[in-house]
Each structure stands twice: as structure tokens, then as C-alpha cells.
Protein chains: 2
Amino acid sequence: MATGRTHRPATRSRGIPEATVARLPLYLRALTALSERSVPTVSSEELAAAAGVNSAKLRKDFSYLGSYGTRGVGYDVEYLVYQISRELGLTQDWPVVIVGIGNLGAALANYGGFASRGFRVAALIDADPAMAGKPVAGIPVQHTDELEKIIQDDGVSIGVIATPAGAAQQVCDRLVAAGVTSILNFAPTVLNVPEGVDVRKVDLSIELQILAFHEQRKAGEEAAADTVVPPVAARKQQPSTDQGPDGDVPAVMPA
Amino acid sequence: MATGRTHRPATRSRGIPEATVARLPLYLRALTALSERSVPTVSSEELAAAAGVNSAKLRKDFSYLGSYGTRGVGYDVEYLVYQISRELGLTQDWPVVIVGIGNLGAALANYGGFASRGFRVAALIDADPAMAGKPVAGIPVQHTDELEKIIQDDGVSIGVIATPAGAAQQVCDRLVAAGVTSILNFAPTVLNVPEGVDVRKVDLSIELQILAFHEQRKAGEEAAADTVVPPVAARKQQPSTDQGPDGDVPAVMPA
DNA sequence: CCATCTTTGTGCACGCGTTCACAAAGACAT
DNA sequence: ATGTCTTTGTGAACGCGTGCACAAAGATGG
């Protein structure tokens, strides 16, 4: 991602930092909630609180999209919902295929958050012939043999891999060869893909390990309370909008 | 580095950058695979390729743990597996409770990656009385009423929330009140927690939206192929170790 | 014991992302 | 109109993370 950067009409997209893009869905969710409550406008302060971020950061994020706020008033909820949706490409239909209909694949298929955001499950695919035809979430599972045909017929560009680790790379290769250019990988493997294909991974095991690290650290400090730092015990019970030690990575949202 | 080193047993933990911690599980996975193949040593170059990262980054990451490599040779696989496991706190047992046994909760319960890394499912909890007693992944589901007792009896410090968004904050509050200090949240909500409690979130919807953004950007550039930049068409089919537009966030690993 | 070759560990510079702090913009009341 | 008050949009400083490039460490062979 550093090829020709010299000129180019600043597709604007390039102008939006990756970190900002990752937060837009968060804002969109908060805004949608406000919209449903018929709230007409929000200040950056309020919206930031709802999304769990810093208000200055939120304003800067929005500034990349343009000047959609009104000083002294705030942001128009409906307008902002539309602008962010458009920026994220959610105003169009995105057919998605899910490969690997095990426990997780089924959970994803049943997940209601798909349709609500422009995503449509075009097909469920599994390698097990016994699964073929069996309906999951109202959609009949199809065999892997159909993969290429489905992708091409429906113009699918986003694929979700929920197979065992061993099958992931192979499935990935077939998806890419058939035309998929964005992959959400749930399998615990590093996927090799050609340039131009985006891969995002979601890994439960890694998340747990990171939590374990911090948990151990807390326990250690508590036990060997040697320094002047007050032990974690003195923590207050009021909500603190603390969103973990990092403060970046995306979030989830199943059933 | 900076702070410690002067004296203090180098709680070391604080010295490890968050970004590095997030990559340790990745290295551990790659190392475990090598270990199973009885490979005695690896160079930073090889391991980096397997983990999908830059070799310099990997070496710097390991340097935070100590000098565990041998110049001219590489790293001892077994030794490194042990050191990273210990650093991440995986040498001890971590009882985990999963709250919300819907499709996703069941998928998580069935996920084999738990036990393999020091995590143990202490209990499955659901608010639906009809679920009570019903075995999922060989473990009987218990009612929410038992939550506090289970957490205290088993000394659970890590909780997984797989409930609908509406119930998440309430469940979170109860988990925290009962003693949980690390939460993995799958519900599409911003959780408010007291200081000292870590929250990590996994959000499928957000991941898909980020992919959609990039997908749209690609489509746009392709259509308006105005500049000198070669269209995505000329992409090569060889694996490029390209891991998406970002290059940071963790990975997944279900069934 | 010395020379050579490999690979680590890290100093350094660069760039992105975050946050502060404030000027400018606009609403609203008088 | 004019003044006041609220809230945006952003310039600038700071800190973290990344990657280069190389010196030092150690293995290996003669």
C-alpha cells in the first residue's frame, strides 16, 4: 500500500486515516440509536460519550469527512447518519458468502446485524456433503463445489471464512480466484493473499490471551505491592468509560 | 529502555508495549506449530514470515522479553514457547464464564481453542430458564441467578459476554460486581466499567463495515482509472504476506 | 586461535494517531 | 445590530509504533 502515492487526485479516501475509518462504524451505531429516539442533533461531546471516545478525536474524525456540524449547535443526526453510511459504502448492497457452517458459521448466519447494514448473506457454503440443502437461518447450505459459480453469479466481493484453520488458506485461494477481494477471517491462520485483497481477522484466542496478560499483570502488582503505586484494590466503582488498555481495535456484535 | 531498569525487579510488564503484547499470541501460535514439527530453532526471518510480520519488528518485540536468541543461530523454539506462554500468563489456569448461550455462545463453548491455551470454561450462563441444565459442549447451562456464586466459588476473573446488546451492560455490571476484572465483549455496545477492569470487544459488524469501505474505495478507483496508478487488475497471484490495509489488530480462531 | 559468516539486538529517524487548546463560526437574546 | 454564549474545526505538540541499517555476538570451519 505504498505504490504510486506521488500524485493522484487524492481520492479523499486516502485522506481518511485508517484509524478514523475503524471508528466510523462506532459513531454510526451511536447515531442510529439517537435517530431511533428521534433526537435531532448531538454535540461532539455527547456523541463522543455515547461512542466511548474522546470528543476532540471525534471532531477531527468528522473533519475528514467534511464540515457537517454547526457551531454552537452540534451535528444533525440524520444527516450525519447518511454521510457516514455513504462514506462507508453502506448505501449499496453487499452480498456476502460465509464458508464453513459449523457452530460459528451458523451463529454468523443467524446474526441479525447483517441485513441491517447493507450486508446480505448471498450463500452459506460447507465442505460437508451432509450439510448440503440443510437450511441454516432460512438459507440452504450449499456445497463447496458451487463456490465459484455463486461468487460469479451474485457478484460477491466479500467472503467470510469460518472454517477450521487447516482449510482456511485453501478456501481463501478459491475465494480470491473467483473474484472476492475482501475477506473476514475467523480461522486461526495467517492468510496469504495477492496484492489488492484486504483481509481482516477476528481471533477469539488472541483476545483472551491479551486479557490473560493484563490479568496476570494486575495480580502480580497486587501481590507484590512494593512500589508507591496504589494497588488496583482502590479502584472506584463508578463507570469510567474505560475501554481497555489499548483503545483502537474494532468490536463485534452477534445475535 | 526508559523507566525501570534503574532498579525495581523490572515489572517488565509495563515495559512491554501494548502493540507487542497483541502480537505475542501470534508468535506463540507459529512457534507451537514449529514445535509440533519438532523444529529446534528458527531465525527471526523465518518466524516473522510464519507470523506475517516484519522480522525487525519481531526481534524488537522479543527484545522486550529479554535476550532469548542466539546470534548466528536464531531462537530456540521450545524455550521461546515457554517464555512467551509465561509472559502471557498462560502457564496458569484461567477459568472463564460465558454468558449468553445463543448461537454465538454455543460456538464459543464448543471452540477447542480454549483448553489448549490454559483457558477453561468454568460455566455457561443464560437468562433463559428453558436452557438451564441443557448441556452445551458437554457443560450444563446454568441460570443467571447462579452467576455470582459461580464466579466467587471458582475464582473466575475473565468473563465473555455473548448476550444481545440490550443485556450486555447489565450482565457486565454483575460480572464486575462479582469479581471479574477482564471482559471479552461480543455484544454491539460500549460497556462502562470501573477503573481496573479491562474490556476487549469483538464486533463482526464493524469489521464488515471496514471491509465495505475499502471495497468501495477499490471499486471507485477502478472505475475512475484516471491516474497513472495501475488498476488493481494487474495484481499478482503470488502470496504477498499482505495482511490487510491496517496491519495490527488481532486474529480469531473458532472451531 | 583466527577468520568468516550468520543472525541478533538496537540506535535512530520517520510517520501516524492522539490530545490540547483556541480562534472562528454561528445561534440566540436583547 | 450587537453582544454573549456555545460548540465546531484545526494548528501544533507530543508520544507510540514501525522499519532501516548496522554494530556486536556468537557459531562454524580451517
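Keep in mind that the numbers below use all heavy atoms, side chains included, and drop hydrogens, waters and symmetry copies. Order of the sequence lines fixes the chain letters, A, B, ..., with proteins taken first and strands second; residue numbering starts at 1 for each chain.
- Applying the 4.0 Å criterion to OP1 and OP2 of D:dT7, one finds that A:Tyr68 has every side-chain N and O outside that range.
- The CG-P distance, from A:Leu80 to D:dT8, rounds to 11 Å in whole Å.
- Relative to the side chain of A:Asn54, the nucleotides C:dG9, D:dG9, C:dT19 differ in distance, and C:dT19 lies closest.
- Remark: the B:Lys60 side chain and the D:dG19 base include a donor-acceptor N/O pair separated by less than 3.5 Å.
- Computed from coordinates, the A:Leu58 CG to C:dT19 C1' distance equals 14 Å when rounded to whole Å.
- Atom pair A:Glu45:CD and C:dT19:C1' shows a separation of 13 Å (rounding to whole Å applied).
- Between B:Tyr75 and B:Thr70 there is no side-chain heavy-atom pair separated by less than 4.5 Å.
- Regarding A:Leu65, its CG atom lies at a distance of 10 Å from the P atom of D:dG9, rounded to whole Å.
- Side-chain nitrogen and oxygen atoms of B:Ser44 include at least one within less than 4.0 Å of the OP1 or OP2 phosphate oxygen of C:dT8.
- Rounded to an integer number of Å, the gap from OH of B:Tyr64 to P of C:dT8 is 17 Å.
- For the pair A:Arg59 CZ and C:dC20 P, the interatomic distance rounds to 10 Å; values are reported in whole Å.
- Counting non-hydrogen atoms under 4.0 angstrom, A:Phe62 reaches nothing in the nucleic acid.
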Exercise. Scan nucleotides 23-30 of chain C nucleotide by nucleotide, 5' to 3', and note B when protein non-hydrogen atoms come under 4.0 Å of the base, S if they reach only the sugar-phosphate, - if neither.
Key: -BBSS---
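- Of the residues listed (B:Asp61, B:Thr20, B:Thr32), the one engaging B:Tyr27 in a side-chain hydrogen bond (donor to acceptor under 3.5 Å, both in side chains) is B:Asp61, and it is the only one.
- A donor atom on one side chain and an acceptor atom on the other are not found under 3.5 Å apart for A:Gln169 and A:Thr189.
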Exercise. Walk me through it: do B:Phe62 and B:Tyr68 pass the test ring pair (Phe, Tyr, Trp, His ring centres under 6.0 Å)?
Key: CA-CA 8 Å; B:Phe62 285 174; B:Tyr68 296 149; 8.4 Å; no
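- Summarising the geometry, the separation between CZ on A:Arg23 and P on C:dC16 is reported as 15 Å, rounded to the nearest angstrom.
- Rounding to the nearest 0.5 Å places CG of A:Leu88 at 10.5 Å from CZ of A:Arg86.
- Using a 3.5 Å distance cut-off with no hydrogens or angles, the side chains of A:Tyr79 and A:Gln83 do pair a donor with an acceptor.
- The shortest side-chain heavy-atom distance between A:Leu208 and B:Trp94 does not fall under the 4.5 Å cut-off.
- The nearest heavy atom of DNA chain C to A:Thr20 and to B:Gly74 marks one nucleotide each, and the one closer to the 5' end goes with B:Gly74.
- If you take CG of A:Asp61 and C1' of C:dT18, they are 10 Å apart, rounded to a whole angstrom.
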